[in-house]
There are 2 protein chains.
Amino acid sequence: MSTPQTRRKTRTDAERNRDRVLQAARVLFAESGHDVQMSEVARAAGVGIGTLYRKFPTRDALIEAIAEHRATDLVAAARQLTDAEDPTQGLAGFLYHVGEVLAGDRGMSEVIEKVMGSAEPRGQTREALLAVVAELLDRARVRGTVGQDVTAGDVNMVICGLAAVIRNAAGDWRRYIEVTLDGLRTR
Amino acid sequence: MSTPQTRRKTRTDAERNRDRVLQAARVLFAESGHDVQMSEVARAAGVGIGTLYRKFPTRDALIEAIAEHRATDLVAAARQLTDAEDPTQGLAGFLYHVGEVLAGDRGMSEVIEKVMGSAEPRGQTREALLAVVAELLDRARVRGTVGQDVTAGDVNMVICGLAAVIRNAAGDWRRYIEVTLDGLRTR
DNA sequence: CGGAATAAGGAATCCGGATTCCGTATTGAA
DNA sequence: TTCAATACGGAATCCGGATTCCTTATTCCG
């Protein structure tokens, strides 16, 4: 009815450029956080600013796209740990994994800090992330790996703090995890 | 010899305005953090932008002046707890005090996060702050309030995290302190 | 191959804010 | 009261970036 399918399909080079941009942005954001300039991204991607903007109409759109992607990865990792049996894994394993990821991705540490920190339901993926963490927590609680009264909020705060510690290059973040994990256990 | 003391002393109104600016800036920074506009500060202080700039040649100078002041307060508070005997006080008491302060001062939470997070020796007051925390830690260690192997770095990370938790309005920061404190105890 | 449909490029523009400048208003020592 | 020394005010300027717009280059369907 309303499908004048006269449109050709996306040009191949257009798609290639989109990938280049994403790739470049991922690297730059990971290295220096989200305050990288759009022109930097364009240059790194070997693309004109105009092109960059056709792909992502806004700086935030670009950040969002990448954050979403990364978040998905985290959720996937979490799900895997959800099934694992090894107690070393589960919540603890996830925290270390997150640490590893954030330690190598400044931009992500910024995102995670906000996601775990704020009460904003922003995005389904964010939602999913919180859900999986809650799931991980439940399992840990059953196993007795963490105190019975530990809440998802507690864990979120710990993760929020973890992000800050890493982003500020505080000290040994693994140590931070050890401490907080012990704290959650004690409760 | 070289003192052509022909200079009059600072005009009274000049001094008054300086105070107004500081006062206004304190309030605004506390409310909304350091991204407040200079013009905002000037308006709130009931002063022209020009005047604001004569007092503080740079946005950072203003922020610095206030941060320094606040940091001094914290150090004082810490020193007091250093002498207290009540175990409830000491390190634990300090953490709660810091929480209380940061919860009511967004700008300060930003500063603290950096100070405790980074390894930059910036400023003698910052230096003093770190020193007092270390002192507090030592006492706690002796009392057995915290694990024998807890380092100043560990505490700094916890504080850095605390600042982030509060700044992002995460959850109940007192709870965060409870958890981390337990963690430090366990170690 | 030929031309319409798409995309690429990147200079020009727009914008929010910080900082500067200079004419005017106050202050206070004589 | 008088006048030089100081301080005030705030419009004008400067700046770093994001975003837009229009010209030229590619792609790919027929």
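Letters go in sequence order (proteins before strands), and every chain restarts at 1. Side chains are part of it too, since the values below use all heavy atoms of this structure and drop only hydrogens, waters and symmetry mates.
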Partner residues of A128(A) under the side-chain contact (heavy atoms from CB on, under 4.5 Å) criterion, sequence neighbours left out: V75(A)

Contacts of D13(B) that satisfy salt bridge (charged side-chain N to carboxylate O under 4.0 Å, His left out) - sequence neighbours left out: R11(B)

If you look only at distance, which donor and acceptor atoms sit under 3.5 Å apart when one is on a side chain in residues 37-44 of chain B and the other is two or more places apart or in another chain?
| from | atom 1 | to | atom 2 | distance (Å) |
| --- | --- | --- | --- | --- |
| E40(B) | OE2 | R43(B) | NH2 | 3.2 |

Members of residues 49-67 of chain A that approach DNA chain C, where some heavy atom sits under 4.0 Å away: I49(A), G50(A), T51(A), R54(A), K55(A)

Near-strand residues of residues 21-43 of chain B, defined as heavy-atom separation under 4.0 angstrom from DNA chain D: none

N17(A) vs dA7(C): side-chain N/O to OP1/OP2 distance below 4.0 Å: no

Per-nucleotide protein contact string for nucleotides 23-30 of chain D (B base, S sugar-phosphate only, - none; heavy atom under 4.0 Å): --BBBSS-

Set of residues satisfying side-chain contact (heavy atoms from CB on, under 4.5 Å) with respect to T58(A), sequence neighbours excluded: D60(A), A61(A)

side-chain contact (heavy atoms from CB on, under 4.5 Å) partners of V179(B), counting only residues at least two apart: L184(A), R187(A)

ring-ring contact (aromatic ring centres under 6.0 Å, His included): pairs with one or both residues in residues 28-74 of chain B, sequence neighbours excluded: F29(B)-H34(B)

Within residues 92-102 of chain A or reaching into it, pairs that qualify as side chain to side chain donor-acceptor pair (under 3.5 Å) - sequence neighbours excluded: E100(A)-R174(A)

Side-chain (Y176(B)) to main-chain (G171(B)) donor-acceptor, under 3.5 angstrom: no

D105(A): partners by side-chain contact (heavy atoms from CB on, under 4.5 Å), with sequence neighbours left out: A30(A), R70(A), M108(A)

Pairwise side chain to side chain donor-acceptor pair (under 3.5 Å) hits with a residue in residues 152-173 of chain B, at least two apart: E113(A)-R167(B), E113(A)-N168(B), R175(A)-D154(B), E113(B)-R167(B), T151(B)-D154(B)

